[in-house]
Amino acid sequence: MKPTDEQWNRWIDGQLDAQEEAELIAMQANEETAWREDRAFFHRLTLDLRRSFPKEEIPPYPEFFNSQIQKRLRDMVAAPPSIEPGVPWFTWRRWFLPLSAAAAALVLVGVWRSNLVHDESDFERSEIVYTYTPDESVHARIIYDADAALTVVRMTGIEPLPEDLHLTSGLAGVPREEDPVRQVASRPETSRPEQTPVHFTSHRRAY
Amino acid sequence: MVYRLGGRVDSDFTSMNKPSPDASNPRHSSTKGIGSQDTETYEPPDHELVRQCQDGNLAAFEELVTRYRGKVYAMILNMVKSEADAWDLSQEAFIKAWKALPRFEARSSFYTWLYRITHNVTYDWLRKQRVRAEGEFDESVQTSVEASARTAPRPQASPDEKLSHMEIRERIEEAIQQLSPEHRAVILLKEVDGHQYNEIAEIVGCSIGTVMSRLFYARKKLQSLLKDLYETNR
């Protein structure tokens with residue numbers, strides 16, 4: 001008689017009482033050794049699974065994690081109930097996810113505004129933020145906080161940005177013409193639209 | 001947010017992010033420093049916070065988020081293997097939980113109920129990814145996290161041990177990724193999260209018999225994929 005899936009699982013997990021275990025062994029007398037090897041195998045696998053997969057892990061930027069939930073909930077509470085929530089703002093980033101593979105961990109960011117209606121008394125504008133990460137292991141996401149009038153580019157998969165990196169002055173020793181970030185960030189005000197500050201943050205898992 | 005009975009507020013989020021084994025019970029902690037009086041903080045049980053949430057208290061919900069974000073994020077990360085997606089999906093799970101809270105009747109613990117929502121959010125996402133992958137090649141679905149980024153070896157491990165641990169981890173992650181989302185969820189809920197069979201059934205939304213069947217299949221599959229690993233590392 002073949003044991004059921006439940007009996008086998010409970011045997012592996014050591015959840016059979018002595019009588020049940022004796023009955024099961026008697027049922028599979030010829031395969032007792034194999035069964036005991038199975039149990040030893042899964043005990044070892046369980047330990048390795050727990051080493052490989054965390055049971056608990058604080059999400060990156062935990063305070064920001066909380067504040068974004070609170071912000072969305074406040075928006076929801078404030079919104080008329082008949083209006084269905086649209087596409088979450090953070091799904092925008094999926095449009096801008098890394099486009100191809102290359103070696104360097106580089107992100108180019110461009111921000112501009114276009115006047116869609118030329119009547120200045122009643123104009124609308126759009127601000128478009130593009131990100132490009134040639135290295136597919138690097139992810140960049142755009143986070144815009146209207147209350148703070150702040151746009152954050154969050155990158156995962158790279159070392160923290162150097163403390164001395166400034167968007168307008170760049171890294172010391174790197175010529176402007178070779179620094180795409182500086183080229184974008186330091187365009188003249190006349191050709192550059194009004195924009196919110198762009199801040200870079202980076203994150204690498206720490207253990 | 002910490003509910004104070006007196007003394008200082010513990011502002012270290014890490015200490016708040018590690019729920020006790022039974023997070024549904026009220027928790028008390030006291031600190032006693034040199035020259036200071038005993039201080040005691042009261043962290044209300046889940047059901048009390050849930051009741052406040054049902055009255056529209058966002059601060060109470062933030063406390064629940066803080067309490068469970070580590071578990072929710074880890075559960076999703078283990079399934080989807082992408083930090084960015086896990087972050088977004090964790091947010092979505094908590095938003096869905098807030099929306100569903102008025103209908104929560106405490107038949108199960110809040111923790112199990114939240115896990116079920118988290119599982120549904122993750123499973124829906126994986127299903128969409130799978131559908132999309134059938135039409136096009138989407139390498140992001142099956143790409144595993146760089147082994148060195150998953151877990152640092154123990155500082156005292158020798159180079160050989162480090163290599164061995166990394167190899168084992170890589171093999172296990174590859175094997176887990178070869179399971180279907182249904183089997184992956186059951187094996188991770190059992191082996192990593194340590195849930196009981198009935199809890200898994202509740203979270204996944206199926207019978208215990210189905211849990212047993214999926215667990216049996218997942219284990220046998222892992223055994224066939226990893227048998228040589230333990231023979232060579234014996």
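Proteins get letters first, then strands, A, B, ... in listed order; numbering begins at 1 in each.
Between B:Lys220 and A:Asp38, at least one side-chain N (NZ, or NE/NH1/NH2) sits under 4.0 Å from a carboxylate O, which counts as a salt bridge.
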Derivation of the side-chain contact (heavy atoms from CB on, under 4.5 Å) call for A:Arg10 and B:Tyr197: CA-CA 10 Å; A:Arg10 292 180 66 209; B:Tyr197 305 129; 3.7 Å; yes
Check against side-chain contact (heavy atoms from CB on, under 4.5 Å), B:Arg169 and A:Arg51: CA-CA 8 Å; B:Arg169 190 163 53 243; A:Arg51 276 195 203 124; over 6 Å; no
What verdict does the salt bridge (charged side-chain N to carboxylate O under 4.0 Å, His left out) test give for B:Glu191 and A:Lys55, after you've listed the backbone C-alpha separation in whole Å, the side-chain angles of each residue and the deciding distance to 0.1 Å? CA-CA 10 Å; B:Glu191 303 290 16; A:Lys55 184 176 180 179; over 6 Å; no
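Taking each heavy atom of A:Glu57 and B:Ala74 in turn, the nearest pair found is N-CB, 3.5 Å. Considering all non-hydrogen atoms of both residues, A:Ile69 and B:Phe61 come closest at CG2-CE2, 4.0 Å. Looking at every heavy atom in both residues, A:Pro54 comes nearest to B:Val192 through O-CG1, 3.9 Å. Among all heavy-atom pairs drawn from A:Asp5 and B:Ser213, the shortest one is OD2-CA, 3.5 Å. Taking each heavy atom of B:Lys190 and A:Asp13 in turn, the nearest pair found is CE-OD2, 3.2 Å. Considering all non-hydrogen atoms of both residues, A:Phe65 and B:Arg69 come closest at CE2-CB, 3.8 Å.
Residues satisfying the ring-ring contact (aromatic ring centres under 6.0 Å, His included) criterion with A:Trp11, sequence neighbours excluded, are A:Trp35. Contacts of A:Asn9 classified as side chain to side chain donor-acceptor pair (under 3.5 Å), with partners at least two apart in sequence or in another chain: B:Arg219. Evaluation of the ring-ring contact (aromatic ring centres under 6.0 Å, His included) rule for B:Tyr111 yields B:Tyr68, B:Tyr115, B:His195 as partners, not counting sequence neighbours.
Relative ring orientation between A:Phe64 and B:Trp87 is described as parallel, the plane-to-plane angle staying below 30° on a 0-90° scale split at 30° and 60°.
Counting heavy-atom neighbours within 6.0 Å of B:Tyr217 OH, excluding the residue itself, gives a total of 12 or less.
Distance check: B:Leu58 CG to A:Leu73 CG gives 5.5 Å after rounding to the nearest 0.5 Å. The distance from the CD atom of A:Glu6 to the CG atom of B:Leu215 is 11.0 Å, given to the nearest 0.5 Å. Within the model, atoms CG of A:Leu49 and CD1 of B:Ile176 stand 5.0 Å from one another, a figure rounded to the nearest 0.5 Å. A:Asn66 contributes atom CG, which lies 4.5 Å from atom CD of B:Glu62 (distance to the nearest 0.5 angstrom).
Both the backbone and the side chain of A:Leu45 come within less than 4.5 Å of a heavy atom of chain B. Within the 4.5 angstrom heavy-atom criterion, only side-chain atoms of B:Leu188, from C-beta onward, approach chain A.
Contact residues of residues 14-23 of chain A toward chain B are A:Gln15 (heavy-atom distance under 4.5 Å).
Between A:Phe41 and B:Leu226 the shortest side-chain heavy-atom distance falls below 4.5 Å. A:Phe53 is listed as a side-chain neighbour of B:Glu173, based on a closest heavy-atom distance under 4.5 Å. The shortest distance between side-chain heavy atoms of A:Glu56 and B:Met75 does not fall below 4.5 Å. Using a 4.5 Å cut-off on side-chain heavy atoms (C-beta onward), B:Gln223 and A:Phe42 make contact.
Per-residue heavy-atom pair counts under 4.5 Å with chain A were compared for B:Ile208, B:Ile187, B:Ile76, B:Ile95, and the maximum is reached by B:Ile95.
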